[in-house]
**Q** 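Let me give you the structure first, and then I'll get to my questions.
Along the sequence shown, the residues carry numbers beginning at 1. Hydrogens, waters and symmetry mates play no part in the numbers below; they use all other heavy atoms, side chains included.
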Amino acid sequence: MSENLKTIKELADEFNVSKQAVRKRLTEEFRANHAETVTSNGVKTLVVTYTGYMLLKQHFTTSNATGNNKVTDTSNPTTGDLSVVKILEQQLFVKDKQLENKDSQISQMQNLLDQQQRLALQDKKLLEEYKAENDSLKALKMASKDTKEEQANNQPNQEETDLKFEIRALHEELNEQKIHSQEEREKLREELTKHKKWYQFWK
C-alpha cells in the first residue's frame with residue numbers, strides 16, 4: 001500500500017489499537033473527506049488518505065498519552081503543531097484544486113453558452129434571409145402571372161380587331177363586286193336597247 005494511503009489494519013497496528021477503534025473514528029463525514037476505496041486484484045479496500053492518517057494519529061496519540069497504552073511517539077508539541085498546519089495546508093490545497101476544477105467547468109459552460117447563442121443568431125439570420133428570398137420569389141411569380149393574364153386579355157382584343165378588319169375588307173370587296181355587277185347590267189341593258197331599236201328600224 002502507498003505511504004500516503006493506509007488501510008484500517010495498518011492504522012490499527014501503527015496506533016496499537018483495535019480495528020474496531022479505528023472504524024469508530026471513520027464517520028460518514030471523515031470517509032467523505034479523508035477516505036477512498038481502491039481495488040487491488042479484484043478486491044475493494046477502504047483506505048485513509050494522508051490527511052486522514054494525520055488526524056487519526058493525533059487523536060490516538062493524545063488518547064493513548066492519557067492511558068496506559070501510550071504509543072511510542074518522538075514528536076513534541078512543536079512537531080504536532082506543524083503536523084496540524086501541514087494537514088490544514090493540504091486540505092486548503094485540495095479545496096483550491098476543487099475550486100479550480102469548478103472554475104474550469106464554469107468557463108467551459110460559458111463557452112458552450114456563447115457558442116449556442118452565436119448559433120441561434122446565425123439560425124435567425126438565415127431564417128430571415130430565407131423569408132426575404134421567399135417573399136421575393138412570390139412577388140416575381142405574381143408579376144409573371146399578371147403579365148400572362150394581361151397578354152391573355154390582349155390576345156382576344158387583337159383577334160377581334162383582325163376579324164373586324166377582315167369583315168370590312170369583305171364588305172369593300174362585295175361593294176366593288178356589286179358596283180361592277182351594276183355596271184355590267186347597265187351595259188347589257190344598253191346593248192339590248194340598241195338591238196331592239198335596230199330591229200324595229202328594219203322591220
Side-chain angles (χ1 to χ4, degrees), residues 1-66 71-144:
M1 190 61 60
S2 172
E3 293 181 358
N4 294 329
L5 299 176
K6 299 285 186 179
T7 64
I8 295 177
K9 183 177 183 305
E10 290 174 344
L11 294 171
D13 293 341
E14 182 173 345
F15 301 145
N16 196 21
V17 295
S18 65
K19 290 189 291 185
Q20 184 177 1
V22 175
R23 289 194 182 94
K24 286 182 179 180
R25 299 299 305 171
L26 303 183
T27 62
E28 183 176 352
E29 182 179 0
F30 185 94
R31 290 171 182 262
N33 296 321
H34 308 294
E36 58 186 64
T37 302
V38 297
T39 302
S40 179
N41 297 327
V43 179
K44 294 183 178 181
T45 305
L46 181 68
V47 294
V48 177
T49 63
Y50 180 77
T51 55
Y53 163 74
M54 293 302 296
L55 291 172
L56 291 174
K57 181 178 180 181
Q58 184 180 10
H59 169 74
F60 287 116
T61 300
T62 303
S63 299
N64 291 335
T66 59
V71 177
T72 302
D73 190 1
T74 59
S75 62
N76 50 42
T78 302
T79 304
D81 292 340
L82 292 175
S83 298
V84 173
V85 171
K86 186 174 182 180
I87 292 173
L88 293 175
E89 288 178 348
Q90 290 183 346
Q91 289 178 344
L92 289 174
F93 178 77
V94 173
K95 295 296 182 183
D96 290 341
K97 286 293 184 183
Q98 291 177 349
L99 289 175
E100 288 179 2
N101 292 334
K102 293 294 182 182
D103 291 340
S104 178
Q105 292 176 358
I106 292 173
S107 179
Q108 291 177 357
M109 291 179 65
Q110 185 64 42
N111 291 334
L112 291 175
L113 181 60
D114 292 340
Q115 292 178 359
Q116 185 177 5
Q117 290 177 347
R118 286 195 295 269
L119 290 175
L121 290 175
Q122 291 178 357
D123 290 342
K124 183 179 179 181
K125 184 177 180 181
L126 290 174
L127 182 61
E128 291 177 351
E129 291 178 352
Y130 172 77
K131 184 178 179 181
E133 184 177 357
N134 191 33
D135 293 340
S136 178
L137 290 175
K138 285 183 178 179
L140 290 174
K141 186 176 180 180
M142 291 297 296
S144 176

**Q** Just wondering, do Val48 and Val22 contact through their side chains at under 4.5 Å, heavy atoms?
**A** no
**Q** Kindly compute the distance separating CG (Asp135) from NZ (Lys138), expressed to the nearest 0.5 Å.
**A** 6.0 Å
**Q** Is there a donor-acceptor pair under 3.5 Å between the side chain of Thr62 and the backbone N or O of Gln58?
**A** yes
**Q** Quick one: side-chain hydrogen bond (donor to acceptor under 3.5 Å, both in side chains) pairs with a partner in residues 17-41, sequence neighbours left out?
**A**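 Output for this query lists His34-Thr51.
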**Q** Does some side-chain heavy atom of Ser104 sit less than 4.5 Å from a side-chain heavy atom of Glu100?
**A** no
**Q** Applying side-chain hydrogen bond (donor to acceptor under 3.5 Å, both in side chains) as the test, list every pair that has at least one member in residues 118-128; sequence neighbours left out.
**A** none
**Q** CG of Leu11 to NZ of Lys9: how many Å apart, nearest 0.5 Å?
**A**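 So the CG of Leu11 and the NZ of Lys9 are separated by 11.0 Å.
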**Q** If you measure from CG on Leu88 to NZ on Lys95, what distance do you get to the nearest 0.5 Å?
**A**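 Taking CG in Leu88 and NZ in Lys95, the distance rounds to 12.0 Å.
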**Q** State, to 0.1 Å, how close Ala35 and Thr49 come at their nearest heavy-atom pair, and which atoms those are.
**A**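 Minimum heavy-atom separation between Ala35 and Thr49: N-CG2, 4.4 Å.
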**Q** Show every donor-acceptor pair shorter than 3.5 Å between a side-chain atom in residues 110-117 and any protein atom, with sequence neighbours excluded, or say none if there are none.
**A**
{"residue": "Gln110", "atom": "NE2", "partner": "Asp114", "partner atom": "OD1", "Å": "3.2"}
{"residue": "Asn111", "atom": "ND2", "partner": "Ser107", "partner atom": "O", "Å": "3.3"}

**Q** Any chance CD of Glu129 has more than 12 other-residue heavy atoms, nucleotides or ligands included, within less than 6.0 Å?
**A** yes
**Q** Report yes if some heavy atom in the side chain of Thr45 is under 4.5 Å from a heavy atom in the side chain of Ile8; otherwise report no.
**A**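 Side chain of Thr45 against side chain of Ile8, heavy atoms only: no contact under 4.5 Å found.
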**Q** Working to the nearest 0.5 Å, report the span between OG1 of Thr61 and CG of Asn16.
**A**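 Answer for the OG1-CG pair, Thr61 versus Asn16, is 11.0 Å.
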**Q** To the closest 0.5 Å, what do you measure between CG (Asp96) and CG (Asn101)?
**A** 11.0 Å
**Q** Keeping to residues at least two apart or across chains, list the ring-ring contact (aromatic ring centres under 6.0 Å, His included) pairs with something in residues 91-129.
**A** none
